[in-house]
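Can you keep this structure in mind? I'll have questions shortly.
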Amino acid sequence: MINYLYIFPEIIITSALCFIIVLDLFLPSRLKYISYYLIQFSLIFCVYYIYSHFNYLDSNVSELYNTGIFSNIFKIFILLSLVIIFYYTSVFLNYFNIYKTEYFLITVFGLLGMMIMISSENLLLLYLGIELLSLSLYSVIAFNRNSLFSSEAAVKYYILGAISSGFLLFGISLIYGLTGSLSFNEIFIYITSLNISSNIDSVEIIGLLFALIFILISLSFKFGAAPFHMWIPDVYHGSIITTTLLLSTIPKIAVFVIFIKLLAIVFSGLFLFWSDMVIILSILSILIGNIIAISQTNIKRMLAYSTIANIGFILLGLSVGSVIAYKAAMFYTLTYVITTIAVFGLLSQLVYKSKSVENISDLSGLNSSNPFLAFLLMVILLSYIGIPPLLGFHAKLFIIQALVESNNIPLSIFAVLMTVIGSFYYLRVIKVIYFDELKDELLITSKLYFTGTYVIGLMLLGLFPDILGQLSQYSISNLFNA
Amino acid sequence: MIPMSHYLIVSSILFSISLAGIFLNRKNIIIMLMSLELMFLSINFNFIIFGNYLNDLTGQIFVFFILTVVAAESAIGLAIIVVLYRNRQSINVQDIARLKG
């Protein structure tokens, strides 16, 4: 017997989507905002449902679809982030007169894909979730169809994304051939039953390693880790800023969940092999991200490289393999997403010469025209660097702490040094804001009440890091006990 | 009876050919789409062989899922290429180099 109540959140989203697609056709253009509010309402209702049925959803014992506490915390986080992203998106699209309800609808399809990814306990379901997410992202990137940059970015992302799903599928097919199953649990049992140290040259181990490498390549591509990061700067640069906001935040959470589920649980028997691979990925990401970001003049490109560096830090946490390190990695991911929503959301509200902000020099002298805005931007950038009372500091501290506890001193020194190098390009933006001459005044698309509250919330989270810390502690310990 | 390794070698060769087709191709995006299609077909081949070898239906079912998803994916890919053509009047790979930094 299938109990459909366990997947009720997904059913809410799907039925709301089908309803709003049809409704939107019959709405005159001055009433289009109704469908926007309906989408927001269904997202918030979904959060409410998950929150109020937390323990009930946890009692699901399905081998296919996990709705445990770990998944639900991430789902709530993704849904709330999407509500904020939609707020910024609607403001932006309305200001530039390119508002279309389809943008939101396609994004919600992507949300559905992410929810499936987070909950999947089966490789087939994982593949379908990833594809649903990528297919909607391809079309969202190409949304601004009169822009050459947008369509170019979409083509690049499409080709590389399709290759990476090909790699994922190849890895899955090898795992299926070796273990005869697609279920995470059965693969886990198969791997732990192998005696790895005694027969390291056997066909099973080599085949599993082959599959692991293929899957890791594909996932680090979706994550944006270094040797597979080529698409990130181009796509961030090419698409409109709210799409960049979307791309750089919630898909990363979903991929992080997949990373932690696959590496820390399913492939935990192969820790010896994957920890080295993840360390290489993270070192390359931190190096490439921080060093290339220094030479960027476009702010979206600069933040794209900073994303790569941040991903490197998350992977550094994952590579340690202890529960504390997973907790630190989760803390870092949540921090990264919260901060990135703030910075891109704020930038999406700025207009320079009737276009959205593109270059760092567009921001020059922001302090003399709008001191409050300049202050908000400064707080966010300082949090990225990791200045003590802010959230970014605790995130970096936990990662480095986990590294030191596992006696990995060289890597922790490397992480600290790269943080210092990385602070240069953030500080340069602050210098441009505060000390450069005012060129053209920046306009704001809407009042800053929401952004102001959000950034103050960010500061409070930094003063009380226990809120996020306990959340990560709670969900990670639930993941490993379940 | 042909041993399974032969089938696997064929599918790996097809996979490599499609990868080479994507990375060595310097002319046309349509050819890239064809290579992608070939890549997914080689993976399907893998699944069918393993399913047959293990006497398990899951592999065959997975193939149907892949076929459907890939069809949707190529539809979106062709739509994106049409959008690019409208803006650029060309679908040459060399011409897609405006985004740099």
Side-chain angles (χ1 to χ4, degrees), chain A residues 122-124 127-128 130-132 134-136 138-139 141-142 144-163 165-183 233-238 292 295-298 300-302 304-305, chain B residues 4-5 8 11-12 15 18-19 22-23 25 29 32-33 35-40 42-51 53-56 58-59 61-63 65-66 68-70 72-88 91 93 95-101:
Chain A
N122 186 297
L123 287 170
L124 174 57
Y127 167 68
L128 291 179
I130 288 185
E131 282 302 291
L132 190 51
S134 341
L135 290 187
S136 54
Y138 301 148
S139 22
I141 294 170
N144 193 6
R145 58 181 181 190
N146 295 321
S147 148
L148 179 58
F149 286 132
S150 266
S151 41
E152 219 180 276
V155 168
K156 280 182 178 166
Y157 187 50
Y158 171 74
I159 301 277
L160 293 171
I163 296 172
S165 358
F167 273 77
L168 179 74
L169 277 175
F170 200 82
I172 292 177
S173 78
L174 287 177
I175 286 188
Y176 171 66
L178 284 164
T179 64
S181 164
L182 292 171
S183 142
D234 285 352
V235 172
Y236 280 25
H237 182 186
I292 302 184
S295 63
Q296 300 303 321
T297 51
N298 184 302
K300 279 198 266 178
R301 274 192 108 81
M302 189 204 91
Y305 282 105
Chain B
M4 193 179 72
S5 57
L8 288 181
S11 74
S12 319
F15 190 83
S18 62
L19 260 189
I22 293 163
F23 286 115
N25 164 39
I29 301 180
M32 282 191 172
L33 283 192
S35 303
L36 283 177
E37 213 71 18
L38 182 65
M39 176 189 272
F40 287 109
S42 76
I43 294 160
N44 283 346
F45 201 64
N46 242 353
F47 271 111
I48 294 169
I49 299 154
F50 282 133
Y53 169 76
L54 296 164
N55 262 332
D56 184 30
T58 326
I61 293 168
F62 208 128
V63 169
F65 277 97
I66 297 177
T68 350
V69 171
V70 169
E73 201 162 350
S74 5
I76 288 182
L78 286 170
I80 291 173
I81 290 175
V82 169
V83 170
L84 179 76
Y85 184 77
R86 275 209 204 124
N87 289 323
R88 195 103 188 66
I91 50 169
V93 178
D95 292 338
I96 321 177
R98 291 292 289 288
L99 288 167
K100 270 199 178 128

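Worth knowing before you read on, the calculation uses all heavy atoms, side chains too, and leaves out hydrogens, waters and symmetry mates.
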If you check every heavy atom in residues 72-82 of chain B against those of chain A, which residues fall under 4.5 Å? B/A72, B/E73, B/S74, B/I76, B/G77, B/I80
Hey, what do you get for OG (A/S165) to CD1 (B/I66), rounding to the nearest 0.5 Å? 10.5 Å
My understanding is that only residues two or more places apart in sequence, or in another chain, count here; which of them pass ring-ring contact (aromatic ring centres under 6.0 Å, His included) with A/Y157? A/Y138, A/W231
What part of B/L36 gets within 4.5 angstrom of chain A, counting heavy atoms only: side chain, backbone, both, or neither? side chain
Measure from the ring center of B/F40 to the ring center of A/F170 and say whether it is less than 6.0 Å. no
In terms of heavy-atom pairs under 4.5 Å with chain B, the winner among A/A154, A/A142, A/G161, A/A162 is A/A162
Just verifying a value: how many Å separate A/I159 CD1 and B/I29 CD1, rounded to the nearest 0.5 Å? 6.0 Å
With sequence neighbours left out, what residues match B/F45 under ring-ring contact (aromatic ring centres under 6.0 Å, His included)? none
Contacting region of B/L19 [heavy-atom separation from chain A under 4.5 Å]: side chain
Does the plane of the ring in A/Y127 sit parallel, tilted or perpendicular to the ring in B/F62? Use 30° and 60° as the thresholds. tilted
Hey, could you give me the CD1/CD1 distance between A/I163 and B/I22, rounded to the nearest 0.5 Å? 4.0 Å
Applying side chain to side chain contact (heavy atoms under 4.5 Å, CB included) to A/L178 and B/F50, what does each step give before you reach the verdict? CA-CA 9 Å; A/L178 284 164; B/F50 282 133; over 6 Å; no
Is B/Y85 close to chain A through its backbone or its side chain, or both, or neither, when contacts mean heavy atoms under 4.5 Å? neither
dist B/I61:CD1 -> A/L124:CG (nearest 0.5 Å) comes out at 8.5 Å
Could you tell me which residues satisfy side chain to side chain donor-acceptor pair (under 3.5 Å) with A/Y176, sequence neighbours excluded, listed by chain and number? B/D56
Using 0.5 Å steps for rounding, measure from the OG atom of B/S42 to the CG atom of A/L169. 9.5 Å
Interatomic distance, CG@B/L84 vs NZ@A/K156, rounded to 0.5 Å, equals 10.5 Å
Could you tell me which portion of A/S147 (side chain, backbone, both or neither) has an atom closer than 4.5 angstrom to a non-hydrogen atom of chain B? backbone
Check whether any side-chain heavy atom of A/F149 lies under 4.5 Å from a side-chain heavy atom of B/N87, and answer yes or no. no
